[in-house]
Amino acid sequence: MAKTYDVVVIGGGPAGYVAAIRCAQLGLETACVEEWINFKGDPALGGTCLNVGCIPSKTLLESSEQYHHLRHGMGAHGIHVEGVRLDLDKMMARKDDIVLQLTNGIGALFKANGVEWLQGHGKLLAERQVEITARDGSVEVVGADNVIVATGSRPIDIDAARVDNAEGLIVDSTGALDFRKVPETLGVIGAGVIGLELGSVWNRLGSKVIMLEAVEDFLVLADQQVAREALRQFKKQGLDIRLGARVIATQKTAGGVEVSFKDKDGEQKITVEKLLVSVGRRPNTDNVAAPEAGLLLNEGGFIHVDDRCEANLPGVYAIGDVVRGPMLAHKGSEEGIMVAENIAGQHGHLNYDAIPWVIYTNPEIAWVGRTEQALKSAGIPYKVGSFPFSANGRAKAMDAANGMVKILAHAQTDALLGCHIIGPFASELVQEAVLALEFHASSEDLARTIHGHPTLYEAVHEAALSVHGRALHKINT
Ligand code: FAD
Ligand code: AMP
């Protein structure tokens, strides 16, 4: 007789491991199936996010920013620095160490909460049975009252540029987080979030970075005023971003990779030492459910779910990158909490309108809610307030007075509709707007809230004041 759990979670990334911990907190007997093998050859929890995503990328963004700042950003403060040297091996070892600490930490949390980690590949069978194939090929089947599929996503591969991380010439994000030498030139296919973040890392460490983006518009999901400012700033930093440039072929050469692309001037070629393919991610659903399970997939291979993340089968749920919605760690985690609470008979809920987005470039870009272009096309009447960091004392003191905060509020009700930030610590500042949206605040609520002085948050305050033409530290138009 197969062992039966209240809940079996397939996948131990930020969606799955959070779901498992919350289930256990609620008294449900829970197991999590996870197959990841890390760079040391050991089984690991944490998924893409902790192993090869959010955490290692933010670690390298921080290290590379410090290096870049020491070399180029101290003069303005009257500090002369000499002899700055890059120890890339140490930088990478620090990143690896942080990844290990955090992924091991999930193991400890599982133990503390009584979540059982079933190591191996999980596959949903009929009647909520789950087959687990271990590394040594042995197979075990367990039963569950509820199954949560959280198998995540992986990079999209294109025929024009086949990735081989082991060879290290044409790589995906995982390979680009692990170069052991700074490439002279780095080509990046796709100027999306991941391409921009990793392009920034290597640009700061000294590579000449050329980004080829098929679409003419830059950062289509972001507010376009912010996107234009971002493009201007990135170009100033030396990122060679070419829009409307579709990569059609690559050829490995003695010195690197020859990349052929088409733009408005016809077919062009560049040669780069390394090439990063960052053209998006696709859901891991290839071998997740046996045909007899009857799990319904959408176009693109995403698992079909409703607003409560319920799949088409009773007692089967799917969360995180493997279902519709933004591929963001916190979105998956919150879905995990919602599902766990609903399984336990509570009233879990997720406000999909209040999910923050962050791009950890310099300046950082972050937003929540609707963009101005989305409001226009939906015909929603709105007012705009904005405030430049150039008029913010704290940003000036930091020598980081680039960018702005932009707030969108309903023209009649004043309800906050969106907040878009490009500038220092945008990733942190945006949380004030997330909270405001969650509490259904108006721009007036933000404007009437006392903000400490001098802080970067004052820019959010002034943008809210500016919605009604009463910003204090800029000339209202
Ligand atoms: P995953 O993290 O992909 O985890 C899925 C897990 O399931 C994996 O561990 C996998 O081994 C396991 N699995 C899959 N199939 C099976 C199976 N059949 N049996 C057993 N186990 C299985 N998001 C942010 O919010 N902020 C960021 O700053 C950010 N930066 C990123 C940077 C990079 C370079 C990348 C690549 C991604 C980044 N993301 C970021 C996206 C983020 O990593 C994902 O949205 C997040 O990891 C999705 O979580 P998940 O749990 O759905 O899937
Ligand atoms: P994201 O989904 O945010 O990671 O962004 C991926 C980007 O890659 C999108 O903006 C795509 O337009 C872009 N892209 C996809 N295929 C190609 C290609 N062949 N050449 C250049 N850019 C591409």
Side-chain angles (χ1 to χ4, degrees), residues 9-19 32-38 43-58 60-61 103 106 118-124 130-133 149-156 158-161 172-174 176-177 188-198 201 211-221 242-250 259 261-263 276-289 318-323 325-333 335-336 355-360 427:
V9 184
I10 308 178
Y17 83 70
V18 167
C32 180
V33 190
E34 173 56 68
E35 65 182 345
W36 194 284
I37 302 298
N38 70 13
L45 293 163
T48 303
C49 171
L50 269 64
N51 287 285
V52 294
C54 323
I55 298 302
S57 61
K58 264 78 266 179
L60 290 185
L61 277 157
T103 52
I106 307 300
L118 306 174
Q119 292 177 6
H121 181 86
K123 190 172 183 177
L124 179 69
V130 177
E131 177 189 88
I132 300 129
T133 308
V149 183
T151 47
S153 64
R154 63 177 179 283
I156 292 177
I158 52 174
D159 286 338
D172 59 20
S173 52
T174 302
L177 285 166
V188 179
I189 310 182
V193 177
I194 293 174
L196 283 167
E197 289 187 356
L198 293 179
V201 165
M211 306 189 70
L212 303 169
E213 166 56 57
V215 173
E216 287 284 354
D217 295 321
F218 185 56
L219 289 177
V220 281
L221 291 179
R242 305 191 193 175
L243 301 174
R246 173 171 294 279
V247 173
I248 48 172
T250 49
V259 185
F261 62 96
K262 266 191 184 153
D263 65 10
L276 162 62
V277 183
S278 51
V279 295
R281 299 179 61 82
R282 66 190 183 93
N284 284 327
T285 42
D286 293 351
N287 189 23
V288 155
I319 57 175
D321 281 11
V322 81
V323 300
M327 287 185 166
L328 294 167
H330 43 281
K331 173 263 192 186
S333 299
E335 286 179 333
I355 299 175
W357 292 70
V358 181
I359 309 176
Y360 292 83
S427 56

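Quick note: residue numbers are just sequence positions, from 1. Remember, it's 1-based here, ligands and their atoms both numbered in the order they're listed. Everything numeric in this text was worked out from a predicted model, so none of it was measured.
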| request: Please state which part of V247 comes within less than 4.0 Å of ligand 2, counting heavy atoms only: side chain, backbone, both or neither. | output: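 Within the 4.0 Å criterion, V247 contacts ligand 2 through backbone and side-chain atoms alike.
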Which one holds for [X] and ligand 1: side chain close, backbone close, both close, or neither close, with close meaning a heavy atom under 4.0 Å?
{"X": "R154", "result": "neither"}
{"X": "V52", "result": "backbone"}
{"X": "K58", "result": "side chain"}
{"X": "D321", "result": "both"}
{"X": "S153", "result": "backbone"}
{"X": "A15", "result": "both"}
{"X": "A150", "result": "backbone"}

| message | V322 versus ligand 1: do any nitrogen or oxygen atoms come within less than 3.5 Å of each other? | response |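 Between V322 and ligand 1, no N or O pair is found under 3.5 Å apart.
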| ligand 1 and E34, any nitrogen or oxygen pair closer than 3.5 angstrom? |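 E34 vs ligand 1: N/O contact under 3.5 Å present.
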| query | Below 4.0 Å from any atom of ligand 2, is there a heavy atom belonging to A160? | reply |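 The answer is no, since A160 has no heavy atom less than 4.0 Å from ligand 2.
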| query | Any non-hydrogen atom of G195 lying under 4.0 Å from ligand 2? | reply |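 G195: no contact with ligand 2 (<4.0 Å).
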| query | What is the distance from atom CE of M211 to atom CD1 of I189, rounded to the nearest 0.5 Å? | reply |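 So the CE of M211 and the CD1 of I189 are separated by 11.0 Å.
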| task | Look at the side chain of E335 and the backbone N and O of G320, then say whether any donor-acceptor pair between them is shorter than 3.5 Å. | result |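 Between the backbone of G320 and the side chain of E335 there is a qualifying donor-acceptor contact (under 3.5 Å).
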| message | Check contact between Y360 and ligand 1, using heavy atoms of the residue and a distance below 4.0 angstrom. | response |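 Judged by the 4.0 Å heavy-atom criterion, Y360 does count as contacting ligand 1.
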| With atoms numbered from 1 as shown, which atoms in ligand 2 lie under 4.0 angstrom from a non-hydrogen atom of I189? |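 Contacts of ligand 2 toward I189, numbered from 1: 18 (C), 20 (N), 21 (C), 22 (N).
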| message | Which of the numbered atoms in ligand 2 are under 4.0 angstrom from any heavy atom belonging to V215? | response |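 Heavy-atom distances to V215 below 4.0 Å select 12 (O).
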